[in-house]
Amino acid sequence: MSALSRPAVAVAFHSGSGHTAVMAEAVARGAAQAGAEVISIPVDTITDEQWVRLDAADAIIFGAPTYMGTASAAFHTFAEASSKRWYTQTWADKIAAGFTNSSAKNGDKSSTLGYFFTLAAQHGMHWVSLGVHPGWASTEGSEDDVNRLGYFVGAGAQTPVDAGPEAVHKADIATAEGLGARVAQQTAFFRAGRAALAA
């Protein structure tokens with residue numbers, strides 16, 4: 001893939017109740033609008049062909065709901081299966097980022113984002129943060145602010161446990177779109193830099 005071609009961004013996610021799937025769609029939309037070629041992969045049904053697409057991607061964005069203080073079991077199963085890539089460092093020097101959703105405002109989402117960061121580090125990947133100041137952090141702010149929950153490591157969302165996917169907050173969707181766009185942009189920068197060094 002040439003430095004001038006579109007960066008390939010994969011969104012590897014698990015969604016238990018549909019909330020995280022809404023976030024994954026927003027991340028993918030943001031990356032595509034920023035010029036990336038995007039593939040979305042539900043990791044609980046991942047195929048051999050999709051593993052190949054992950055290996056070929058320039059960036060992988062991890063996503064899962066936060067259950068009991070960490071990513072869902074289905075995502076952990078995928079992460080453990082990725083150890084075959086760890087042995088060969090297949091994903092080394094790819095861009096990585098992450099997003100999560102839980103029913104509580106905090107809900108220990110930082111633990112899940114930290115888990116994604118550690119997984120990426122074990123694979124030798126380069127982590128991209130959210131890059132947005134906290135919203136809803138002053139008397140002039142509101143729950144409609146981007147990054148209303150104030151995460152830095154990745155995108156965090158909150159959806160009531162008894163509500164459907166349509167209840168994912170519009171500010172959280174906008175935050176996820178911003179994460180996707182930032183990953184696409186940073187991936188393009190990395191690709192251009194590598195191409196310049198090679199030249």
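What you see is a predicted model, and the numbers here were worked out from it, not measured in a lab.
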Step-by-step side-chain contact (heavy atoms from CB on, under 4.5 Å) determination, V38 to V11: CA-CA 7 Å; V38 183; V11 183; 4.2 Å; yes
From CA spacing to verdict: side chain to side chain donor-acceptor pair (under 3.5 Å), H123, S82: CA-CA 9 Å; H123 279 286; S82 77; 3.0 Å; yes
Stepwise side-chain contact (heavy atoms from CB on, under 4.5 Å) check, R182 with L130: CA-CA 7 Å; R182 179 169 163 84; L130 184 60; 5.8 Å; no
Worked check of side chain to side chain donor-acceptor pair (under 3.5 Å) between T159 and N101: CA-CA 7 Å; T159 311; N101 183 91; 2.9 Å; yes
Intermediate values then yes/no, salt bridge (Lys or Arg N to Asp or Glu O under 4.0 Å), E37 and R6: CA-CA 6 Å; E37 176 185 345; R6 299 167 66 194; 5.6 Å; no
side-chain contact (heavy atoms from CB on, under 4.5 Å) between F99 and F116, worked out: CA-CA 9 Å; F99 61 96; F116 293 154; over 6 Å; no
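Taking all atoms of both residues into account, the shortest heavy-atom contact from I173 to A26 is O-CB, 3.6 Å. In this structure, S111 and G69 approach most closely via the heavy-atom pair CB-O, 3.0 Å. The two residues I41 and Q50 come nearest to each other via the heavy atoms CD1-O, 3.6 Å. Between A57 and A10 the shortest heavy-atom distance is CB-CB, 4.0 Å. Scanning all heavy atoms of the two residues, the minimum distance from A71 to H76 falls at O-CD2, 3.1 Å. Taking both residues in full, the closest heavy atoms of Y151 and G156 are given as CD1-CA, 4.0 Å, listed atom of the first, atom of the second, then distance.
When only modelled atom types and interatomic distance are considered, H169 and T175 share no side-chain donor-acceptor pair under 3.5 Å. A donor-acceptor contact under 3.5 angstrom links the side chains of S5 and R191, judged on distance only. A side-chain donor from one of T100 and T66 sits under 3.5 Å from a side-chain acceptor of the other. Between the side chains of K109 and S102, at least one donor-acceptor pair of N or O atoms lies under 3.5 Å.
Residues satisfying the ring pair (Phe, Tyr, Trp, His ring centres under 6.0 Å) criterion with W127, sequence neighbours excluded, are F117.
Heavy atoms from other residues, nucleotides or ligands lying under 6.0 Å from CH2 of W51 number more than 12. Within 6.0 Å of atom CZ in R53, 12 or fewer heavy atoms from other residues, nucleotides or ligands are found, so the atom counts as exposed in its surroundings.
Ring centers of Y115 and F62: at least 6.0 Å apart, outside the cut-off.
Applying the ring-ring contact (aromatic ring centres under 6.0 Å, His included) test to residues at least two apart or on different chains, the pairs with a partner in residues 180-199 are H126-F190.
Partner of D55 under the side-chain contact (heavy atoms from CB on, under 4.5 Å) criterion, chosen from T90, T88, I60: T90. Paired with D172 under the rule side-chain hydrogen bond (donor to acceptor under 3.5 Å, both in side chains), one option of R148, Q158, H19 passes, and it is R148.
Between H14 and P42 the shortest side-chain heavy-atom distance does not fall below 4.5 Å.
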